[in-house]
Amino acid sequence: MIDFPTFNSNSTVRMRNIRITILVYWIIAFFVTNTTCQTQPISIEEAIDQIEKIEFPAEKCEFALKTSHTYFMHMQRENSLQIAQLGLKVAQNNNLDTFDIPLLINIGRIYESTNQLDSAIYYAEMARQKINSETDHFKGKVYTFLGRHYQYYGKLDSMHKYYQLAEDWNTKHEPYRNWVLYEQWHKLYIETGDFVKAKELLDKAYSLTQPVGKRMDHGMLLYRFRSLASRIGDMDMYAQYSKEYHELVNDGSNKSISAHGFDLGENLSIKDQIKTYEKLFESNKKIAFELGNTTYFPKFTELLLEDGQLNKAKKYWMKIDTANQPLQFISDFEGLGVQIYEGLNNYPQAYSHLKKKNMLDDQLQNKEKLKQVEEFNVKYETVEKEKQMALLASQNELKNIELSKARQSRIVLGIGLLIASFFAFGLGYLYVQNKKRKQQLEINNDIIAKALDDKNILLREIHHRVKNNLQVVSSLLNLQSNFISDDTALEAINDGKNRVSSMALIHQNLYQEENLTSINCKEYFDDLIENLFDSYNIQEENISLVKDINDLDIDVDTMIPMGLIVNELVTNSLKHAFNTPKNIGQIKVSLKEHENVLKLSVSDNGSGVSEEKFLTSNSFGNRMIKAFLQKLDADISVQERDGTIVTLTIKNYKRIAA
């Protein structure tokens, strides 16, 4: 039984670490694929065609499951999802739970790989609900899958429940599967800093994979041990598992195994990285693992160069073994030699290594060119062979034509008359069919036009109702503010009312315009900023407003976060910028499109705020702005110059044609 720590599930840092964990997991999967799955899968059109040709539903589902997995391993997620959903439809229509459940798990895994965790859990829960006596063998996988995703969300009670169910079921039926569970489980304790608990779980997984000898599984665990050792700075532990990993990879077999690389101490300063490597070399020496040091000498030499320790860099550079290494490795080795001898003012040696590097680089380029020539030569020979085969076929066909001329001349008249009769009949038939198709096409066009009108009317009604509901929320907040005496609470209520109003304006513009998917920036920001000035009773003689906004039509998904960000920035200026006396305050809002990015700027000539103070503020509005920056793939800069200038460079947006 494992004790579970508690922590805040809403932590932004935690969710960022989760996304990084998922990304690393799928990058590793990608490199495993490149070493084990060289053959490209068939096209999605061919896959769908094959499913349609298969007679039995169970065989259709089996083919869909295997093909979806193949697409997934080749990072073709859309194809993987499409073929899995097609197989799922067949399984559900024919009550094939033995395929229904693995297809649901596979779809959940696809959504997991794209960080759509809600969808992943939805399909995993569907799989869990379908488990019965016939499909009981899927329990361990489903429970592990659910536990992992509740762990990502920080829902530790649900995570604990499903991990425990998975461990109990695996222990009774398939104990080896628990290594995956323990490997995932230990990450929770890595995040909370409980490295003792994390190692306990890795030790339990190790006890399962080490005797079995599955190289890919055990290699992954050894990578996790090295990662943990690097975190806690235990170089003896790092050396031990590095040696075992090296022995595992070089066992003399021809099996391939993913190279689970790891940049030792990558988050440390250069000097601390150097100390870490030196500790590792000492640890390697204790266990007679000198061969492992050569793996780290190139990186260690680079660090010494960066730290200016040229003589020491030269010492370790000379220990690098270039035997049986690829040309690129040797070229990089010579490049290090150039830097070392140049730094030591030994220019003859530096020049000598530079010549060697240039020669190697030329060989690499020539090798690439020869490869291209060979490819072109193969294509040329293929074309020539095809031409020769076509010529032989033409000659054979000519002989056959000459032999059949005598027979054809006798029957050509009869065939001509028969063809003429069929031709006349065919023309009449085609005329009738074409007339019917034209009539049906007109009917279909009318139906489509009516459906499109109905859809537009429904969308307008939806936007209208959403706008009305948001206005109701705004009115309720306004009423509530009349009963609040606390200034801080009243300010929070008013800020919330303005945010709701900014979203209501979006939906108001949508149902009033012809285009139901985009918003005109100029009109929207005019209304939004004027509403804010009215909300705070700002007179133009006190604070003037300058707008420089391009006449752009932007999609709704971009406008909502942009509107809320402008709402926050203008509100901050109105509330805080002009606390000290000024002749006339001024707020300027600018939105320009330039070289496929949007430049959004909000500035004032008030008291000003530093970039550090702005970016480190922990207010709700500031946290909301940071969240929307990620959604918009935007950069932010803050300048304290005659007031405050906040500028956003937005890269993730979609412009709609007017």
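A donor-acceptor pair under 3.5 Å links the side-chain atoms of K626 to the main chain of L615, judged by distance alone. No donor-acceptor distance shorter than 3.5 angstrom exists from the side chain of S68 to the backbone of L65, with no hydrogens or angles considered. At distances below 3.5 Å, not a single donor-acceptor pair connects side-chain atoms of S352 with backbone N or O atoms of P348. At least one donor-acceptor pair under 3.5 Å links the side chain of T144 to the backbone N or O of G140. Under a 3.5 Å cut-off, the side chain of S331 and the backbone N or O of D361 do not form any donor-acceptor pair. The main-chain N or O of L303 is never found under 3.5 Å from a side-chain atom of D307 such that the two would form a donor-acceptor pair. Judged by distance alone, with hydrogens and angles left aside, the side-chain atoms of T276 form a donor-acceptor pair with the main-chain N or O of D272 at under 3.5 Å.
For the residue pair Q76 and N79, a side-chain donor N or O sits within less than 3.5 Å of a side-chain acceptor on the partner. Donor-acceptor pairing under 3.5 Å is lacking for the side chains of S610 and E612. In summary, the side chains of Y189 and E200 do not present any donor paired with an acceptor at a separation below 3.5 Å, with no hydrogens or angles considered. Judged by distance alone, the side chains of K243 and Q240 never bring a donor and an acceptor atom under 3.5 Å apart. Side chain to side chain, S619 and N622 fail the donor-acceptor criterion of an N or O pair below 3.5 Å.
The environment of Y176 atom OH is dense: over 12 non-hydrogen atoms of other residues, nucleotides or ligands sit within 6.0 angstrom. Taking a 6.0 Å sphere around NZ of K275, one finds it holds 12 or fewer heavy atoms contributed by other residues, nucleotides or ligands. In this structure, K285 places its NZ atom where only 12 or fewer heavy-atom neighbours from other residues, nucleotides or ligands lie under 6.0 Å away. Under a cut-off of 6.0 angstrom, the local environment of NZ in K141 is sparse, with at most 12 non-hydrogen atoms contributed by other residues, nucleotides or ligands. No more than 12 heavy atoms of other residues, nucleotides or ligands sit less than 6.0 Å from atom CD of E78. The number of heavy-atom neighbours closer than 6.0 Å to NZ of K271, taken from other residues, nucleotides and ligands shown, is 12 or below. Other residues, nucleotides and ligands contribute more than 12 heavy atoms inside 6.0 Å of the CG atom of N345. Atom NZ of K312 has more than 12 neighbouring heavy atoms from other residues, nucleotides or ligands inside a 6.0 Å radius.
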**OP:** Apply side chain to side chain contact (heavy atoms under 4.5 Å, CB included) to the pair I105 and Y123, showing each step before the final yes or no.
**Re:** CA-CA 7 Å; I105 295 174; Y123 281 96; over 6 Å; no
Subject >> Pair L305-L310, side chain to side chain contact (heavy atoms under 4.5 Å, CB included): steps then yes or no >> reply: CA-CA 6 Å; L305 274 171; L310 296 173; 3.6 Å; yes
**OP:** Output, in order, the C-alpha distance, side-chain angles, deciding distance and verdict of side chain to side chain contact (heavy atoms under 4.5 Å, CB included) for H173 and K139.
**Re:** CA-CA 10 Å; H173 300 91; K139 277 186 177 179; over 6 Å; no
**OP:** I would like to know whether E593 and Y653 meet side-chain hydrogen bond (donor to acceptor under 3.5 Å, both in side chains); could you show each step before the answer?
**Re:** CA-CA 11 Å; E593 185 181 38; Y653 72 99; 2.7 Å; yes
**OP:** Run the numbers on H149 and K155 for side chain to side chain contact (heavy atoms under 4.5 Å, CB included), then give the verdict.
**Re:** CA-CA 9 Å; H149 285 86; K155 297 181 179 179; over 6 Å; no
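Closest approach of Y111 to S119, counting heavy atoms only: CG-CB, 3.6 Å. Pairing each heavy atom of P211 with each of L208, the nearest pair is CD-O, 3.5 Å. When all heavy atoms of F145 and R109 are compared, the pair lying nearest together is CZ-N, 3.5 Å. The heavy-atom pair separating G608 from E640 by the smallest distance is C-OE2, 4.0 Å. Across all non-hydrogen atoms, the minimal contact from A166 to N178 is O-OD1, 4.0 Å. Residues R641 and I645 approach most closely at NH2-CD1, 3.4 Å, considering heavy atoms.
Looking at heavy atoms from C-beta onward, E568 lies out of side-chain contact with F628 at the 4.5 angstrom threshold. A 4.5 Å side-chain heavy-atom check between K355 and Y351 finds at least one atom pair inside the cut-off. Counting only heavy atoms from C-beta outward, the side chains of S242 and R226 approach each other to under 4.5 Å. Q151 places a side-chain heavy atom less than 4.5 Å from the side chain of Y163. A 4.5 Å side-chain heavy-atom check between Y71 and T67 finds at least one atom pair inside the cut-off. Within the 4.5 Å cutoff, the side chain of Y241 has no heavy atoms near those of the Y223 side chain. L304 is not listed as a side-chain neighbour of K314, based on a closest heavy-atom distance of 4.5 Å or more. In this structure, the side chains of K599 and T649 come closer than 4.5 Å at one or more pairs of heavy atoms.
For the atom pair CZ (F620) and CD1 (I625), the distance works out to 10.5 Å, reported to the nearest 0.5 Å. Distance CD/Q339 to CD/E306: 9.0 Å, rounded to 0.5 Å. Rounding to the nearest 0.5 angstrom, the gap separating the CD atom in E183 from the CE atom in M220 is 6.0 Å. Atom CG of residue L81 and atom CG of residue N106 lie 9.5 Å apart, to the nearest 0.5 angstrom. Annotation: the span from L201 atom CG to R224 atom CZ amounts to 13.0 Å, rounded to 0.5 Å. Between the NE2 atom in H160 and the CG atom in L188 there is a gap of 11.5 Å [rounded to 0.5 Å].
If you run side chain to side chain contact (heavy atoms under 4.5 Å, CB included) between E167 and each of R177, K172, K204, only K204 comes through.
For F281 and F297, the ring centers are positioned less than 6.0 Å apart. In this structure, H218 has its ring center at least 6.0 angstrom away from the ring center of Y245.
Using a 30° and 60° split on the angle between ring planes, Y341 and H353 fall in the parallel class, below 30°.
Here salt bridge (charged side-chain N to carboxylate O under 4.0 Å, His left out) pairs that include residues 331-343, with residues two or more places apart or in two chains, number zero.
Applying the side-chain contact (heavy atoms from CB on, under 4.5 Å) criterion to L165, with sequence neighbours excluded, gives Y143, K161, Y162.
The cationic group of K319 lies under 6.0 Å from the six-membered ring centre of Y316 and within 45° of the ring axis, placing it in a cation-pi geometry.
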